[in-house]
Amino acid sequence: MRIILSVLAALALVLFGKPAMAEFRLIMVEQPGCAYCAAWDDQIAPAYPNTEEGKFAPLMRADLHMGPPEGIAYARRVNFTPTFILVDDGVEIARIEGYPGENFFWPMFSQLLQQETDFEPATQ
């Protein structure tokens, strides 16, 4: 009887379990006094969580001097702020160093997401 219950439980997991999904995040590495970080906060941050990109890769912030947040691994040392690190399940897969301004940030970030993930922007 115990074997039958184990088989049924395994079958239910296979049939009704959800497939594993990657968890993408955008880590913004910043430091106090960073003028480019402040510009990003003024120009991009208010809209970010409401965008397709922001919903696909929610923002986390990290202080340059504190190292990566718990559960996050950078591929290499961060030397500049802001640095935007795209992570997949906590592991860096791409980055943008510096803030190029709002006219360039969105296309750069969208292209990065399309190249490195399964992100597909809505067609207009």
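- Taking the side chain as every heavy atom from C-beta outward, Ile27 and Tyr74 approach each other to under 4.5 Å.
- Residues Lys55 and Pro49 form no side-chain contact, since every pair of their non-hydrogen atoms from C-beta on lies 4.5 Å or further apart.
- Ile93 is not listed as a side-chain neighbour of Val87, based on a closest heavy-atom distance of 4.5 Å or more.
- Minimum interatomic distance between Ala122 and Glu52 (heavy atoms only, all atoms of both residues): N-OE1, 2.7 Å.
- Connection of Met108 to Trp40 is established within a shared hydrophobic cluster, with ILVMFWY side chains joined at heavy-atom distances below 4.5 Å, either directly or through further cluster members.
- Taking all atoms of both residues into account, the shortest heavy-atom contact from Arg77 to Asn79 is NE-OD1, 3.1 Å.
- Taken to the nearest 0.5 Å, the OH atom of Tyr99 stands 9.5 Å off from the CG atom of Asp41.
- Not less than 6.0 angstrom separates the ring centroid of Phe84 from the ring centroid of Phe109.
- Nearest heavy atom pair, residue Glu116 against residue Ala94, reads CG-CB, 3.8 Å.
- Put simply, the side chain of Leu113 does not reach to within 4.5 Å of the side chain of Phe24, judged on heavy atoms.
- Taking each heavy atom of Arg95 and Ala75 in turn, the nearest pair found is NH2-N, 4.3 Å.
- No side-chain N or O of Thr81 forms a donor-acceptor pair with one of Glu30 less than 3.5 Å apart.
- No chain of hydrophobic side-chain contacts below 4.5 Å, direct or via other Ile, Leu, Val, Met, Phe, Trp or Tyr residues, connects Leu64 to Phe80.
- Between the side chain of Asp89 and the backbone N or O of Glu23, at least one donor-acceptor pair lies under 3.5 Å.
- In terms of modelled atom types and a separation under 3.5 Å, the side chain of Arg25 and the main chain of Ile85 share no donor-acceptor contact.
- Between Pro100 and Phe104, the shortest heavy-atom contact is O-CD1, 3.6 Å.
- Ile96 is not listed as a side-chain neighbour of Met28, based on a closest heavy-atom distance of 4.5 Å or more.
- Formation of a donor-acceptor pair under 3.5 Å by the Ser110 side chain with backbone atoms of Trp106 is not found in this model.
- By the 4.5 Å heavy-atom criterion applied to side chains, Gln114 and Pro121 are counted as neighbours.
- Between Leu86 and Thr117, the closest side-chain pair of non-hydrogen atoms falls below 4.5 Å.
- Summarising the local packing, CZ of Phe56 is surrounded by more than 12 heavy atoms from other residues, nucleotides or ligands at distances under 6.0 Å.
- Between Leu59 and Arg61, some side-chain heavy-atom pair lies under the 4.5 Å cut-off.
- No donor-acceptor contact under 3.5 angstrom links the side chains of Tyr48 and Glu53, judged on distance only.
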